[in-house]
Amino acid sequence: MEYNFNAIEQKWRKFWADNKTYKVFEHPEKEKFYVLDMFPYPSGAGLHVGHPLGYIASDVYARYKRLKGFNVLHPMGYDSFGLPAEQYAIQTGQHPEKTTKENIARYREQLDKIGFSFDWDREVRTSSPEYYKWTQWIFNELFDSWYNTTTDQAEPIAALIALFEQEGNATVTAVHDHPEVFTAADWNTYSELKKEEVLQNYRLTYLADSWVNWCPALGTVLANDEVINSVSERGGHPVEQKLMRQWSMRIKAYAERLLTGLNELEWTDSIKDMQRNWIGKSKGASVFFSLSQKNASQPSIEVFTTRPDTIFGVSFLVLAPEHPLVDEITTPEFAEAVAEYKRVASLKSERDRQSDVKNITGQLTGAKVIHPFTGAEVDIWIADYVLATYGTGAVMAVPCGDQRDWDFATHFSIPITNIFQDKDISEAAYTEKDAVIANSDFLNGLEAKAAIEKAIEVIEQKGIGKGKTNYRLRDAVFSRQRYWGEPFPVYYQGGIPKTIAVEHLPVILPEVEKYLPTEDGQPPLGNATVWAWDTVSNTVVENSRIDNQTIFPLELNTMPGWAGSSWYFLRYTDPTNASEFASKAAVDYWKNVDLYIGGSEHATGHLLYARFWTKFLFDRGYIPFEEPFQKMINQGMILGRSSFVYRNSEGQYISKGKLAGNEIPIHVDISLVDNDQLDIEGFKNWRSDYANAEFILEDNGTYICGSEVEKMSKSKFNVQTPDELVEKFGADTLRCYEMFLGPIEQAKPWDTKGINGVSNFLRKLWRLFNIDENGIAQLDSGEPTKDNLKTLHKTIKKVTDDLERYSFNTCVSNFMICVNELTEQKCNNKYILDQVVIMLSPYAPHIAEELWQRSGNEAGTVTTALFPVFNEEYLVESSIEYPVSFNGKMRFKIALAATLSVKEVEQAVLTSSEAAKYLEGNTPKKVIVVPGKIVNIVL
RNA sequence: GCGGAUGUGGUGAAAUUGGUAGACACGCCAGACUUAGGAUCUGGUGCCGAGAGGUGUGCGGGUUCGAGUCCCUCCAUCCGCACCA
C-alpha cells in the first residue's frame, strides 16, 4: 500500500482537532516547559516558506519535550493591531477589524495545514477587547507606580504621595524629572493640578512634552526608522522635529537592570550586544559651569562628560539647539542668527543630523560661562552635533581629546589647549586614555584612570558637580496618533489625566467615520462622536454630553504596536480570565518562556519592552520572575532562489550555455522552471509579450535558466508558499525539509530541488512497515537483532543529543541513516519500528500517527508515548577499526580487539604488513595511541 | 569607524571535548528493472593525475605527534550601531 500523505494528513488533522489532543492544563505534579514563537502580525500577503521555519522548529521541540514527560505550553496568537490594516482602511474605508479577521483566518488556514501542536484554545489577539482590557490595566499600574532607587524597584504611587505629604521630595530617592525641591508644607498647599504635574515627573508612564518626528501630511508621529532623509518613508512627506505632549514610559528607570539582566539570559551575543549598545551605559561626571550673566533663571549649565580628567582642556561649551536655556542666555546681537540656526536644525530629523557628520555647523550665542578651575570666560555655542536627548543636552568641548570637538574648534578657528604631555594634537585629537595629563593643576602627571577619579573627587568637594552614570536609553514615547491600537484608559478632568478603574475596563475602541486625523489636527479618535467618559455611570457616552462636571473628554491617542506584545506570553497561561490578566496559579506554574523562537529584528524593540514590563510586573508582585524569555533562538531568513531568462538586443531568449555576455537577465516565475530547465510553452503563455518569443537553446534542445539567491518577493517571482508544497509533498515532508536545510539560525536559500530527498526518505520509512492491501503493517513481533538494536540506539543517542542542542538539521540526517540501515537490515521488527516512529513523531507527526496505528497501537497514543531511552550496551563493539596515520596523515585502517592495551595496539600496528610499507625499515620517533580513536606514527 | 556573526565539493551541509575532512541529501555520471514514474534498485562522484601518488576547510603565519576546530595577521560577505560627550 502506497504512502498517501494527503489522505493521512487530513485524517490526523481532524483527529487532533476532534480530540483536542494538544490542549494543556496546569499539572502541578508535572514539570512544565514553555515553548513560544514570536507573535505574528497577520499581514494580507499570507505565509511564505520562510515564515513557518521557526514555528516548525518550536513545534518539533515542543513535541519532543512532551515525549520526554514535560507538560508543555505551546500557544499561538496574533499581534493584530497595527499600521498595515489601518492604511488599508484609509484607502478602502473597510474597518480594520474586518480585514484583520480575514487575514487571521487565512493565517490559521495556512498554519493548520502544517500540523502544529498548538493549543488553539489559548489563542489571543491583541485587538480583542478581552485582551486589551489587561493591556489597559497594565498601563494603569504603570501610571500608579514610581521607581524607588533605594529599594531598586517600582512601588505604588500612593506611598510616594504619603512621603511628599510628610517630608516633601528632598529625601525621596526616585527616578524622576523633577529638579525642584519642595517641602511637605509646599506640597500640601499645591493645587490638585500642580500636584499632578509634579507626580507626572515620577510616574512610570507620564504625559510630557517630548521631541518627536512629526509628519504633518500623515498627521502622525513617526518612529526614527520611518523617516529617511528628512521625509517620511511612506509618501515622501516632510518631517519636522516637534515638541508634543505625549505619553511616555519611564523605561530609563530600568536601564541598569535591563543591562545586568542580560548576563543570565541564553541569547546570542549579537542580540545581547545590541541591547547593551542601545542602553548605552557610560560613567563620568556631571559638572555645572556658572553663567557669567547673572540674570538667567538658572545660575549654571550642567554638562555630562566621561572625561572629567580633561576639564582643563575645555575651550568652549556647546548646547543642543533645543536646549531650554538657549533663548534665555543668547545675547541680543546673536539672537537673530541663533533663531535661524534653530529653525534650520528643527527641519532635520535626528537621523539626518547623525548621517550628516562631515558638515560642521554651529552658532555662537554670545553667552559665556566661567571655568570652575581656571576662572576663564568660555564661549557658549549651539550646534546640532550635540543631541538634546542625551545627557543634559550640553557638552564641555575639549578639542585636544575629542575628535568632534577638535573638528569643531578647527572649523571655527577656536584655540585648542593641549593638556596631554608629549602628544601631538596638530592633526587630530588624542583620544586614547593612556596619555599623561599636563597643564592641569592638581591633575598633572596622572593618567586618565587616576585623573578621572581625582577630578570627580575635587569636583564633588567644590560642589560643582558629581560622579554620574549616564544611559543612552531614552524614555519610550507611548502615544500614537492612530486609530487601530489600544485606547488609553484615560480621561481629562480640567487638564488632569485620570485613569479609569479596572472594573470599568475595557475602554472599547470607538467607531469613527474615517480613519484619518481630524481637520484641526487631532488624531483619528477625534472623529468619534461617542468618546467621552461619564464618571457617574462609568461608561463611554456622546461627546455632546461633556460638561466637565461628571462627563469628560477621553484621550485621543492610541497605544503603539509594542504595547500588546510586551506581555502576551503571560496571557497564554490563562487566556480567558476575565477578572485578572492571568491567575496567580497559572503564572506561578507556567512561569516564563523556556524557549523563545523568532527573528532577530526585534532586538531593541519588542525584546527590550517585554523585558521592561516583565520586570515591572515582578516588582509589583504580580509574577514570580524578572525575565520573560530565558533561552532564545533567532531563526535565519529563508531566501528565495530567483530564476532568469536572458534576452539579447534582437529580442531573442538565450539559454544559459549560449550566452554571449551582453544579454539582459529577466526574472521568470519559478513555477515555470524545473531544475533550471524552462517550461518553454509555459513561458510563452505566461505573458502576452512572450507569446512569440524566439529562443536559442542548448544543444540538447532545452532552455537552461540562470539563478540567483535573493530575498523572497512577489516582484522577483521567487515566492514559494507552504500551501503548494503541502499539496505536492505533504506537510511532514515540508516540516522535515525545512529542518533539513541547515542550522536554524543561519540564513539560507530555499531550493525546492532538495525536497525530493526528504520525500523519498518518508516513503522509504513507509515501506519498512510492509503494509498489506488491507492496510495492516506486517511486522515481526519477535526479538530484534543485534544490528537492529545498534542502529536504534545509535539513533536515539544522536537524536537526543542533537535536539538538546537545537541542531534540528542533523536529526533529520540521522533519521535518514537509521531508515537506510534498517532497510538494509530488512528490519520489520515491531519493537524497533515503534521506537523509531516515536522518535520521528515530532518531525513528521502525521505519518507517525498513521504508522503507529497501522502497527496495531491505539490511535493517537504516539503523542503521549515516552521518548526512547539510550542504552550504551547495544553500542559496545568487540573490535575497533583504528585509523593509522603517519605524521598526521591517515594511511590505512586496521581492525583490532577492543580489549587491547595501548602497548598492544602499538605493537600490533607496527608489526602489521601495511605499516611496513610506510615505515620503509625506519624506526618511528614516536607512536601516539589514543585508545579507541586513532594511532599516529611520527617518522 | 565600532560591535557581532559567517567563510568547508557543482549545491544545502556534517564533523558536539584538537584525533579518519566532506556524514546525510540535492545534482551529476554509468547501469538494472518496467504498470514509463517527480517510482525503485546498484555502482561512482572534493580537486589534479592514466596511475602510483599528490593536494585540499577564505589568505598568510604559529602552537601541536596531530588543526576545519586553538593563537596571531589579513581578506570577503552579512547583520547591527554610528557625532552618545
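Chain identifiers are assigned alphabetically (A, B, ...) following the order of the sequence lines, protein sequences preceding nucleic acid strands; residue numbering begins at 1 within each chain. FYI, side chains are in, hydrogens and waters are out, and symmetry mates aren't considered; it's all heavy atoms of this structure.
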Quote, to the nearest angstrom, the [atom1] distance that separates [N] from [M].
N: A76(B); M: A67(B); atom1: P; answer: 28 Å
N: G62(B); M: G68(B); atom1: P; answer: 15 Å
N: G38(B); M: A21(B); atom1: P; answer: 41 Å
N: A5(B); M: G49(B); atom1: P; answer: 40 Å
N: C72(B); M: A82(B); atom1: P; answer: 29 Å
N: G58(B); M: A23(B); atom1: C1'; answer: 23 Å
N: U57(B); M: G18(B); atom1: C1'; answer: 15 Å

W750(A) ring centre to R641(A) NZ or CZ under 6.0 Å, with the angle to the axis within 45°? no
Axial cation check for Y471(A) ring with K281(A), 6.0 Å and 45° limits: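 No, K281(A) does not lie over the aromatic ring of Y471(A).
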Considering only NZ, NE, NH1 and NH2 on the basic side and carboxylate oxygens on the acidic side, decide whether D801(A) and R805(A) come within less than 4.0 Å. no
salt_bridge(K748(A), E738(A)) N-O dist < 4.0 Å: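 Salt bridge between K748(A) and E738(A), a charged N being under 4.0 Å from a carboxylate O: no.
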Is it true that [Y] and [X] share a donor-acceptor pair across their side chains at a distance under 3.5 Å?
X: K272(A); Y: N263(A); answer: no
X: T810(A); Y: S813(A); answer: no
X: Y64(A); Y: E804(A); answer: yes

So what's [N] paired with, Watson-Crick or G-U wobble, going by both distances under 3.5 Å?
N: U6(B); result: A76(B)
N: U64(B); result: none
N: A36(B); result: none
N: G43(B); result: C29(B)
N: C84(B); result: none
N: U17(B); result: none

Using whole Å, what does the distance between atom [atom2] of nucleotide [N] and atom [atom1] of [X] come to?
X: N820(A); N: A23(B); atom1: CG; atom2: C1'; value: 12 Å
X: F892(A); N: G53(B); atom1: CZ; atom2: P; value: 13 Å
X: I301(A); N: A85(B); atom1: CD1; atom2: C1'; value: 15 Å

Mind telling me whether G51(B) is syn or anti, cutoff 90° either side of 0?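 For G51(B), whose glycosidic angle is more than 90° from 0, the conformation is anti.
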Side chain of [X] (C-beta onward), nearest among [options]:
X: R404(A); options: G4(B), C81(B), C84(B); answer: C84(B)
X: I934(A); options: A85(B), C84(B), G19(B); answer: G19(B)
X: M890(A); options: A5(B), U20(B), A85(B); answer: U20(B)

Let me know, please, whether N887(A) or N470(A) comes out on the 5' side of the other along RNA chain B by nearest nucleotide.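 It is N887(A) whose nearest nucleotide is closer to the 5' end.
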On RNA chain B, does the nearest nucleotide to G280(A) precede the nearest nucleotide to Y918(A) from the 5' side, or the other way round? Give the residue. Y918(A)
Heavy atoms under 4.0 Å, any strand shown: does [X] hit a base, just sugar-phosphate, or nothing?
X: I928(A); value: base
X: S282(A); value: sugar-phosphate
X: V938(A); value: sugar-phosphate
X: R891(A); value: sugar-phosphate
X: K893(A); value: base

Please name all residues satisfying salt bridge (Lys or Arg N to Asp or Glu O under 4.0 Å) with R891(A), sequence neighbours left out, ordered by chain then number.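 Result, salt bridge (Lys or Arg N to Asp or Glu O under 4.0 Å) vs R891(A): none returned.
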hbond_proxy N936(A) side chain to C65(B) base (donor-acceptor, 3.5 Å cutoff):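 Check passes, donor-acceptor contact within cut-off.
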Search all heavy atoms of L768(A) against all heavy atoms of N828(A) and return the closest pair with its distance. O-CB, 3.8 Å
Tightest non-hydrogen contact, residues A345(A) and P321(A), listed as CB-CG, 4.0 Å
How many angstroms lie between CD1 in I311(A) and CD1 in I437(A), if you round to the nearest 0.5 Å? 11.5 Å
What distance separates L896(A) CG from I880(A) CD1, expressed to the nearest 0.5 Å?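 The distance works out to 8.5 Å.
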Identify each atom pair where a protein N or O and an N or O of nucleotides 12-17 of chain B are less than 3.5 Å apart, giving names and distance.
| residue | atom | partner | partner atom | Å |
| --- | --- | --- | --- | --- |
| G12(B) | O2' | L741(A) | O | 2.3 |
| A13(B) | OP1 | Q746(A) | OE1 | 3.3 |
| A13(B) | O3' | N809(A) | ND2 | 3.4 |
| A14(B) | OP1 | N809(A) | ND2 | 2.8 |
| A15(B) | OP1 | R805(A) | NH2 | 3.1 |
| U16(B) | O4 | K798(A) | NZ | 2.6 |

Under a 4.0 Å heavy-atom criterion, the protein footprint on nucleotides 26-41 of chain B, written with B, S and -, is SSS---------B-SS
